[in-house]
Amino acid sequence: MPLVSTARNPAPSLAGRSSEERRLIAALKRLSERFKGDAEFRRGLIAGEIGAGTLVARYGITIDPRELLPLYHPDFTGLAPEEWGGRWPLASLWFEHAKTLRSYADTHRELGRCARENPAFDAWRQRQIRRCNNELGASGSGLSHPILAFELSAGCTMGCWFCGISAEQFRGNFRYTAENAQLWQEMLAASVALFGPAAQQGFCYWGTDPCDNPDYADFIEDFLRATGTLPQTTTAAPLKNIVLTRRILALQDAYGSVPDRFSILNLKTLDRVHATFTADELLNVELVLQNPESDTPRTFAGRARERTPAIRAESESRRRVADATIACVSGFLVNMVDRTLRLVTPVPASERWPQGYRTYETRPFTSAADFRTGIEDLIARHMPSAPRPDHRLRFRADLAYRPGDDGFELVSRGARFTFTGSREKRRLGELIHAGAHTAGGARAALIEGGCDLFVAANLVQQLFDRGLLEETVVLDSVAAMPPRAEQPAA
């Protein structure tokens, strides 16, 4: 079957750009990567010590940095392009391109909507999005909440000390044999049957590196055939198998909608990547600069939490995100080697969830039929449309509860929620804050106090739909929840 992309929302970052503008953006991108990833280069550029000849000879950069002063010079910090005086058209071009890329998270997030095909899952995912937007603060709004992540290996060979999800040691690959290819294709068909076009939002890595599996490109070609779009690739080993990497890049150029990513672990790798691939070849590839010389903050999650002294030492000289997450999936994490299926969603990294995501439940599967049944069972078990009568009601642990005369407020790191206007709202807040009442019991208590049946049910439903309540199936698990926050987090 030929490869034909029918992606609903192709990446808009280069739409309408001329070939000359694309060339300039590629060159600007390379300069930006060197500036962000190389502390010595950054210092020399700001100090005016690096001339155009050095840029070309040593770094292959053809853009004169003097035309980009607003992007890196301290004198322009905080100024918008309209305040630059119109003197730096190349800086404006790069600023607009970068702005478009940042806005794409919203577009990609919408790809996961499947209210018609799977309303229970779609409502659950929307609750997780609302929760993350305020529980994670500013970082939450950047998550696209993909619904499916397939691991084509068991573990990872890279061993990054800061791995935010504590990837296990490499144990083997899911190779593209005839038997495995049939299982893979049947599982992709099941995914499309369950979620419709939203299955396009899936991708094929997690605690794994795509370039560990030499058959990775075969799997993503099948993904393209099944869903109509090419999944995003993120690899920390772009130089491990150049033939495979170039095949991935060729697929990206032909069918990609979301830019691929290369994680750069050290300055030597940045040098080699820039020497191996031209700026034009990497136009649709984001370099995630994780090397020590970069100014990129790292998340205090996973393996980084296991090395607290190291992360604290580095924090003195570089910014770090203390309680965010690198996890992004609100849906199903599937390992093809171990044949396991997990329901997960992002949460702030903590002692309870050190890898920055919550696992609701794990299921084994042996066939595509098992895979589909497992997803359907997890949805039925964990994604009710409303709190079940025997669910214990409790506000999320990160929310500070503040009672008022006619209602209450809930305050998180990223938002404030006000429920006022009636004594019923105040009473409901008291009942939930006490943490001893089921949904049925709370509704009954409100009705006994004179509240209308439908008003009582609607008040509880509002809190549930906005993601402000802890969601749990097993009532005893409430006892294991962390203590409530009486004051908003700093």
Side-chain angles (χ1 to χ4, degrees), residues 105-106 108-136 140-141 143-150 190-203 206 325 327-334 340-348 353 356-363 371-399 410 412 415 417 432 438-439 457-458 460-475 477-478 481:
D106 295 336
H108 191 55
R109 189 183 304 116
E110 286 302 302
L111 283 175
R113 294 303 306 267
C114 53
R116 183 180 63 181
E117 296 85 0
N118 207 315
F121 173 78
D122 186 72
W124 174 85
R125 178 174 174 270
Q126 289 302 112
R127 289 198 299 275
Q128 307 318 309
I129 291 172
R130 297 184 190 108
R131 172 186 56 78
C132 286
N133 283 347
N134 55 79
E135 186 176 20
L136 289 167
S141 62
L143 299 179
S144 56
H145 295 269
I147 69 173
L148 289 161
F150 296 96
S191 300
V192 173
L194 285 164
F195 302 111
Q200 292 181 347
Q201 206 202 21
F203 58 103
W206 183 254
T325 178
C328 60
V329 172
S330 283
F332 302 95
L333 176 56
V334 187
T340 56
L341 167 69
R342 286 186 278 170
L343 174 61
V344 301
T345 189
V347 294
W353 306 113
Y357 65 92
R358 172 182 179 176
T359 298
Y360 284 76
E361 190 175 343
T362 301
R363 293 283 184 93
F371 168 73
R372 178 167 181 168
T373 299
I375 288 180
E376 291 172 335
D377 287 350
L378 289 171
I379 290 173
R381 179 167 167 79
H382 294 284
M383 302 179 190
S385 59
R388 297 185 178 107
D390 59 349
H391 279 191
R392 193 80 59 85
L393 291 186
R394 189 169 181 179
F395 294 125
R396 283 192 346 239
D398 65 292
L399 294 171
L410 299 173
S412 73
F417 305 92
I432 297 176
T438 64
N458 183 58
V460 174
Q461 189 68 38
Q462 285 184 47
L463 293 166
F464 180 76
D465 289 341
R466 295 175 75 171
L468 301 175
L469 301 177
E470 288 283 2
E471 294 190 41
T472 181
V473 170
V474 182
L475 298 183
S477 68
V478 173
M481 291 178 184

Hey, does Asp122 have a side-chain heavy atom less than 4.5 Å from the side chain of Glu117?
-> no
With rounding to the nearest 0.5 Å, note down the distance linking NE2 in His108 to CD in Gln200.
-> 10.0 Å
Do Arg358 and Trp353 touch side chain to side chain, with heavy atoms closer than 4.5 Å?
-> yes
So do Leu399 and Leu468 actually touch side chain to side chain, heavy atoms under 4.5 Å?
-> yes
Does the Arg109 side chain pair with the main chain of Leu143, one donor and one acceptor, at a distance under 3.5 Å?
-> yes
May I ask you to test the Leu341-Phe371 pair for a side-chain heavy-atom distance under 4.5 Å?
-> yes
Tyr357/Val329 under side-chain contact (heavy atoms from CB on, under 4.5 Å): CA gap, chis, key distance, verdict = CA-CA 8 Å; Tyr357 65 92; Val329 172; over 6 Å; no
Any Thr325 side-chain heavy atom under 4.5 Å of Pro348 side chain | no
Quick one: CD on Gln461 to CG on Leu469, what's the gap to the nearest 0.5 Å?
-> 9.5 Å
Thr345 and Tyr360: side-chain contact (heavy atoms from CB on, under 4.5 Å), yes or no, with the steps?
-> CA-CA 8 Å; Thr345 189; Tyr360 284 76; 3.7 Å; yes
Under the side chain to side chain donor-acceptor pair (under 3.5 Å) rule, what do Ser412 and Arg396 come out as? Steps first, then yes or no, please.
-> CA-CA 10 Å; Ser412 73; Arg396 283 192 346 239; 4.8 Å; no
Mind checking whether Phe417 and Phe395 have ring centres under 6.0 Å apart?
-> no
Atom pair CZ (Phe464) and CD (Glu470), whose distance is rounded to the nearest 0.5 Å = 12.0 Å
To the nearest 0.5 angstrom, please state how far the CZ atom of Arg130 sits from the CG atom of Asn134.
-> 11.0 Å
Can you see which heavy atom on Cys328 is nearest to which on Trp206, and at what distance?
-> N-CH2, 3.9 Å
How far apart are the C-alpha atoms of Gln128 and Arg131, what are their side-chain angles, what is the distance that settles it, and do they pass the side chain to side chain donor-acceptor pair (under 3.5 Å) test?
-> CA-CA 5 Å; Gln128 307 318 309; Arg131 172 186 56 78; 3.1 Å; yes
Pair Asp390 + Arg388, salt bridge at N-O below 4.0 Å | no
Taken to the nearest 0.5 Å, the spacing of Ile379 CD1 from Trp124 CH2 works out to 9.0 Å
Is there side-chain contact between Cys132 and His145, with heavy atoms separated by less than 4.5 Å?
-> yes
Chi angles and distances behind the side-chain contact (heavy atoms from CB on, under 4.5 Å) call for Arg363, Thr340 = CA-CA 6 Å; Arg363 293 283 184 93; Thr340 56; over 6 Å; no
Specify the closest pair of heavy atoms between Arg372 and Ala190, including all atoms of both residues, with the distance to one decimal.
-> CB-CB, 4.2 Å
Taking the six-membered ring for Trp, are the ring centroids of Phe203 and Phe150 within less than 6.0 Å of each other?
-> no
Whether Asn118 side chain and Phe195 backbone form a donor-acceptor pair below 3.5 Å | no
Over all atoms of both residues, closest heavy-atom pair of Gly356 and Ala327 = O-CB, 3.4 Å
Assess whether side-chain contact (heavy atoms from CB on, under 4.5 Å) is satisfied between Ile129 and Ser330, documenting all intermediate values.
-> CA-CA 8 Å; Ile129 291 172; Ser330 283; 5.6 Å; no
Answer yes or no: is there a side-chain heavy-atom contact under 4.5 Å between Val460 and Leu393?
-> yes
If every non-hydrogen atom of Ser144 is compared with every non-hydrogen atom of Gln201, which pair is closest and at what distance?
-> O-NE2, 2.8 Å
Taking the side chain as every heavy atom from C-beta outward, state whether Glu471 and Arg127 have any atom pair closer than 4.5 Å.
-> yes
Pairing of Glu361 and Arg342 as salt bridge, 4.0 angstrom limit | no
Out of curiosity, Leu378 CG to Met383 CE, how far, rounded to the nearest 0.5 Å?
-> 7.0 Å
